Q: 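Here you go, one structure.
If you're wondering where the values come from, they're calculated on a predicted model, not measured in any experiment. Throughout, protein chains are lettered first and strands after them, A, B, ... in sequence-line order, and every chain is numbered starting at 1.
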There are 2 protein chains.
Amino acid sequence: MSIINGDEHKLCFDHDPYTYAIKVFCNRWKPLIIYAIYVDSSTRYSKFLKNIPITEKVLANNLKELEKDGLITRTVFYEVPLRVEYSLTDTGRTVCPILDSIYAWGREEMIRNGIPIDAVGEMWHGYLPMDESFLE
Amino acid sequence: MSIINGDEHKLCFDHDPYTYAIKVFCNRWKPLIIYAIYVDSSTRYSKFLKNIPITEKVLANNLKELEKDGLITRTVFYEVPLRVEYSLTDTGRTVCPILDSIYAWGREEMIRNGIPIDAVGEMWHGYLPMDESFLE
DNA sequence: CAGTATCCTTAGGGATACTG
DNA sequence: CAGTATCCCTAAGGATACTG
């Protein structure tokens with residue numbers, strides 16, 4: 001493993017694991033996308049749009065990055081109509097425990113501060129019994 | 001605990017624990033700021049600027065948010081010159097294990113991809129012996 | 001020392017229409 | 001169905017000078 005230290009005594013942003021990790025799986029959308037796949041084991045473009053308040057362009061960008069960074073796999077089924085399934089790679093699955101702990105922390109703080117919590121996330125994370133009607 | 005579900009079958013962004021947690025401690029700078037305090041138990045404005053590649057305005061903003069969200073405490077010592085110390089609250093300390101796991105994940109991926117890792121972070125996180133000259 | 005104030009730039013996201 | 005393409009917009013960040 002190589003070590004750098006750019007600006008003498010100052011941490012170099014380009015070589016910081018936090019920056020790397022956060023860019024790869026900890027932005028505004030990726031935890032939700034990853035967890036949506038995790039819950040269903042695999043899922044599709046139109047289903048993300050049904051479950052997450054994300055626009056098409058932003059979803060497409062995030063899916064491409066997640067694929068490029070090796071967290072998800074894109075599989076095309078040449079049917080009519082076309083079907084594409086996204087699933088987690090082994091690497092993708094390694095972030096799930098971290099996502100769980102982030103979710104649990106946010107959840108505790110929101111409860112402590114009296115902020116209501118969304119039912120979909122609660123089902124996805126096992127804090128509420130799963131209601132299939134939410135996930136179709 | 002109250003549960004909401006805004007748009008019927010779609011997760012509501014404002015009530016999602018990921019969104020909350022990421023806003024509070026998982027942006028571009030906060031992990032570094034929190035960890036800088038954690039390593040020294042308390043630290044000061046000018047020392048952040050020496051160790052982290054952040055500008056004054058952005059540092060000030062992030063410190064205010066961290067204080068407002070209850071992760072850090074600001075203590076003023078009325079000396080000449082003025083001295084201000086930032087330290088972690090109990091809540092602030094609860095994010096450190098999560099930060100550790102995020103760091104460790106990013107670190108592993110960077111190693112796997114042949115990306116060099118910054119020495120300051122490695123010392124802060126115990127992967128390299130601490131060299132005091134880096135932290136003054 | 002510990003910050004504000006000011007001005008500027010840009011990446012990221014949002015809405016909507018369109019395509020293979 | 002699974003995406004692009006286009007246009008717009010604003011919050012976040014960067015540089016630098018200044019203040020109590």
Q: Using OP1 and OP2 only, check whether a side-chain N or O of B/R28 sits under 4.0 Å from D/dG14.
A: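 Yes, because at least one side-chain N or O of B/R28 sits under 4.0 Å from OP1 or OP2 of D/dG14.
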Q: Indicate, with yes or no, if the rings of B/F13 and A/W29 have centres closer together than 6.0 Å.
A: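 Ring-ring flag for B/F13/A/W29: true, centres closer than 6.0 Å.
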Q: Please give, in whole Å, the distance from C/dG13 C1' to A/L49 CG?
A: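 The distance from CG of A/L49 to C1' of C/dG13 comes to 15 Å, rounded to the nearest Å.
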Q: Under a 3.5 Å cutoff, is there a donor and acceptor pairing between the side chains of A/E122 and A/Y103?
A: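 There is such a pair (donor and acceptor under 3.5 Å, judged by atom type) between the side chains of A/E122 and A/Y103.
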Q: Below 4.0 angstrom from OP1 or OP2 of C/dA2, is there any side-chain N or O of B/R44?
A: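 For C/dA2, OP1/OP2 do have a side-chain N/O of B/R44 under 4.0 Å.
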Q: Please state how far atom CG in B/L82 lies from atom P in C/dC1, giving the value in whole angstrom units.
A: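 My rounded result for the distance is 11 Å.
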Q: Answer with yes or no whether the side chains of A/E85 and A/S42 bring together a donor and an acceptor at under 3.5 Å.
A: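 A pair is found: one side chain offers a donor N or O, the other an acceptor, under 3.5 Å apart.
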Q: Are A/W124 and A/Y38, when compared by the centres of their aromatic rings, separated by less than 6.0 Å?
A: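 That pair fails the under 6.0 Å test.
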Q: What distance separates A/K30 NZ from A/L63 CG, expressed to the nearest 0.5 Å?
A: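 Between atom NZ of A/K30 and atom CG of A/L63 there are 10.0 Å.
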Q: Is there a donor-acceptor pair closer than 3.5 Å between any side-chain N or O of B/T73 and the backbone N or O of B/T89?
A: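 Absent.
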Q: Starting from P on D/dA17, measure out to CD on B/E56 and report it in whole angstrom.
A: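 Computing the B/E56:CD to D/dA17:P distance gives 11 Å.
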Q: Expressed in angstrom and rounded to an integer, what is the separation of A/E67 atom CD from D/dA2 atom C1'?
A: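 Going from A/E67 (CD) to D/dA2 (C1'), I get 14 Å.
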Q: Quickly work out the B/N62 CG to D/dA12 P distance and round it to whole Å.
A: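 Answer to the nearest Å: 10 Å.
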Q: In whole angstrom, what separates B/N61's CG from C/dA5's P?
A: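 In whole Å, C/dA5 P and B/N61 CG are 11 Å from each other.
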Q: For the side chain of A/V58, counting heavy atoms from C-beta on, which of C/dG3, D/dT4, C/dG13 is nearest?
A: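 Per side-chain heavy atoms of A/V58, the pick is C/dG13.
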Q: Rounded at 0.5 Å granularity, tell me how far CG in A/L88 sits from CD1 in A/I72.
A: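 These two atoms lie 8.0 Å from each other.
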Q: Picking from D/dG3, C/dT4, D/dG14, which would you name as closest to the side chain of A/V84?
A: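 For A/V84, the side-chain atoms sit closest to D/dG3.
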Q: Where does DNA chain D pair, written as one dot-bracket string 5' to 3', with Watson-Crick or G-U pairs under 3.5 Å, ( ) inside the strand, [ ] for crossing pairs and | for another strand?
A: ||||||||||||||||||||
Q: Any side-chain N or O of A/K50 below 4.0 angstrom from OP1/OP2 of D/dA2?
A: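 Checking A/K50 against D/dA2: no side-chain N or O falls below 4.0 Å of OP1 or OP2.
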Q: Establish, with yes or no, whether the OP1 or OP2 oxygen of D/dA12 is under 4.0 angstrom from a side-chain nitrogen or oxygen of B/W29.
A: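 Checking D/dA12 against B/W29, no side-chain N or O comes under 4.0 Å of OP1 or OP2.
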Q: Does B/R74 place a side-chain N or O at less than 4.0 Å from the phosphate oxygens OP1/OP2 of C/dG3?
A: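 The answer is yes; a side-chain N or O of B/R74 sits under 4.0 Å from OP1 or OP2.
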Q: Measure the distance from OH on A/Y78 to C1' on D/dC1 and round it to the nearest whole Å.
A: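 Distance, rounded to whole Å: 14 Å.
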Q: What I'd like to find out is whether the side chain of A/L82 reaches to under 4.5 Å of the side chain of A/V76, using heavy atoms alone.
A: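 They are in contact (side-chain heavy atoms under 4.5 Å apart), so the answer is yes.
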Q: I'd like to compare against my own output: the B/S/- annotation of nucleotides 6-11 of chain C with a strict under-4.0 Å heavy-atom distance to protein.
A: BB----
Q: Could you tell me whether the phosphate oxygens of D/dA15, OP1 or OP2, come under 4.0 Å of any side-chain nitrogen or oxygen in B/T55?
A: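 No, outside the criterion.
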Q: Aromatic rings B/Y35 and A/Y18: how do their planes relate, parallel, tilted or perpendicular, breaks at 30° and 60°?
A: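 Rings of B/Y35 and A/Y18: tilted, as their planes differ by 30° to 60°.
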Q: Of all the nucleotides listed (D/dA17, C/dG13, C/dA2), which has the minimum atom distance to the side chain of A/N27?
A: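 Of the candidates, C/dG13 comes closest.
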Q: Can you establish whether the number of heavy atoms outside A/Y20 located under 6.0 Å from its atom OH is more than 12?
A: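 Enclosed.
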Q: With respect to the side chain of A/S46, which nucleotide from D/dG14, D/dA2, C/dG14 is positioned closest?
A: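 Out of D/dG14, D/dA2, C/dG14, the nucleotide with an atom closest to A/S46's side chain is D/dA2.
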Q: Using a 4.0 Å heavy-atom cut-off across all strands, classify A/Y86 as base, sugar-phosphate, or nothing.
A: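 Sugar-phosphate contact only - A/Y86 comes under 4.0 Å of backbone atoms but never of a base.
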Q: Between D/dA12 atom P and A/I22 atom CD1, what is the distance in whole Å?
A: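 In whole Å, D/dA12 P and A/I22 CD1 are 15 Å from each other.
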